[in-house]
Visitor: 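So that we are looking at the same thing, I have put the structure below in structure tokens.
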Protein chains: 2
Amino acid sequence: MKNDLDVVFKALADESRRELLDRLRTENGQTLGDLCARLSKSGAVMTRQAVSKHLAILEDANLVATIKRGREKLHYLNPVLIHEIGERWIGKFERSRLDALSTLKKELEAKNE
Amino acid sequence: MKNDLDVVFKALADESRRELLDRLRTENGQTLGDLCARLSKSGAVMTRQAVSKHLAILEDANLVATIKRGREKLHYLNPVLIHEIGERWIGKFERSRLDALSTLKKELEAKNE
DNA sequence: ACAATATGCAACCTTTTGGTTGCCTGTCAA
DNA sequence: TTGACAGGCAACCAAAAGGTTGCATATTGT
């Protein structure tokens with residue numbers, strides 16, 4: 001269970017994993033079996049083991065937390081790191097947003113003269 | 001030059017590429033040669049071609065825009081998609097942030113009884 | 001014109017990633 | 001206790017990602 005920024009970005013880089021997060025957001029505390037149902041890779045359904053691996057990656061990135069209850073394992077969304085990316089990483093680019101665009105616009109106009 | 005969310009997330013998944021974005025944020029409109037200087041992969045310096053590939057990926061994801069001026073190619077940060085991820089993608093998780101945590105906390109307490 | 005500079009393109013290589021199959025372990029319910 | 005159910009583990013595989021070397025092209029300054 002690392003906490004590095006790179007691990008989080010890499011975890012978010014996969015469509016299936018983002019879909020898993022979405023589904024936990026819709027309904028928190030699902031089991032592997034629940035999440036396994038109807039998770040598809042471009043149309044085709046993927047196996048339980050594949051989903052399990054994705055969940056392990058999300059858990060390692062600290063994006064989901066799990067609780068074992070009996071023979072099932074419940075998965076809970078942990079939105080803290082998503083929030084952190086928004087605050088710390090995206091935030092710093094936010095500051096330069098308008099500035100960057102105006103600079104680019106100026107350069108483009110200079111080129112077209 | 002696609003505009004898909006997946007392409008953007010995949011582009012952001014690499015540490016070197018995020019560093020390139022950081023450096024364009026610090027100083028916009030740099031050439032490949034500029035960006036090439038001192039870009040390292042865990043200590044070791046990487047070749048111009050590797051940096052070029054990374055820039056191509058960023059450009060394809062629409063995170064950088066380029067202008068050719070003579071024999072050099074200037075790279076400009078395009079923060080629009082980063083902003084969009086913050087607004088549309090992170091935003092929807094923001095809503096469920098406190099709720100998710102309280103749910104998880106309740107489950108944990110229930111387990112420890 | 002010509003050498004140096006700035007970049008592009010393609011082949012190739014290695015590691016990582018996403019996925020599968022097969023089998024094993026633990027838990028619940030009849 | 002004995003199936004059936006939920007999940008874990010490990011080996012294996014194909015494709016994608018990251019990087020390199022080598023050569024080609026275009027532009028600039030002298």
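Throughout, a chain's letter reflects where its sequence line sits, starting with A, and its residues are numbered from 1.
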Visitor: Find the distance A/Q30:CD to D/dA6:C1' and express it as a whole number of Å.
Guide: 15 Å
Visitor: So, OP1 or OP2 of C/dG8: does either fall under 4.0 Å of a side-chain N or O from B/R48?
Guide: no
Visitor: How close or far is atom P of D/dG18 from atom CD of B/E15, stated in whole angstroms?
Guide: 12 Å
Visitor: Rounding to a whole Å, what distance do you find between A/F9:CZ and C/dT16:C1'?
Guide: 20 Å
Visitor: Just how far, in rounded Å, is C1' of C/dT17 from CG of A/L12?
Guide: 16 Å
Visitor: Under a 4.0 Å threshold between the charged nitrogen and the carboxylate oxygen, would A/E72 count as salt-bridged to A/R69?
Guide: no
Visitor: Between A/E59 and A/T66, is there a side-chain donor-acceptor contact under 3.5 Å, judged purely by atom types and distance?
Guide: yes
Visitor: Regarding D/dG29, can its base be found pairing with the side chain of B/R71 as donor and acceptor, where the two atoms are less than 3.5 Å apart?
Guide: no
Visitor: On the nucleotide D/dG7, are OP1 or OP2 found under 4.0 Å from the side-chain N or O atoms that A/S52 carries?
Guide: no
Visitor: Once you round it to whole Å, what is the distance between P of D/dG18 and CG of A/D6?
Guide: 10 Å
Visitor: Which pair of heavy atoms, one from A/F93 and one from A/W89, lies closest together, and at what distance?
Guide: CD1-O, 3.3 Å
Visitor: With nearest nucleotides of DNA chain D determined for B/H54 and B/G70 from heavy-atom distances, which residue corresponds to the more 5′ nucleotide?
Guide: B/H54
Visitor: Out of D/dT20, D/dG8, C/dG8, which nucleotide sits closest to the side chain of B/K73?
Guide: C/dG8
Visitor: So, is B/T47 close to the D/dT20 phosphate, meaning a side-chain N or O under 4.0 Å from OP1 or OP2?
Guide: yes
Visitor: If you take all heavy atoms of A/N78 and A/N62, which pair is closest and at what distance?
Guide: ND2-O, 3.1 Å
Visitor: For A/L74 and D/dA6, give me the distance from atom CG to atom P, rounded to whole Å.
Guide: 13 Å
Visitor: Has A/K53 got a side-chain N or O lying under 4.0 Å from the OP1 or OP2 atom of D/dC9?
Guide: no
Visitor: Can you check the A/R69 CZ to D/dA6 C1' distance for me, whole Å?
Guide: 14 Å
Visitor: Considering all heavy atoms of both residues, which atom of A/R23 and which atom of A/Q30 are nearest to each other, and what is their separation?
Guide: O-NE2, 3.0 Å
Visitor: What is the distance, to the nearest angstrom, from the CD atom on B/Q49 to the C1' atom on D/dT25?
Guide: 14 Å
Visitor: Given C/dG18, C/dT7, D/dA4, identify the nucleotide with an atom nearest to the side chain of A/D14.
Guide: C/dG18
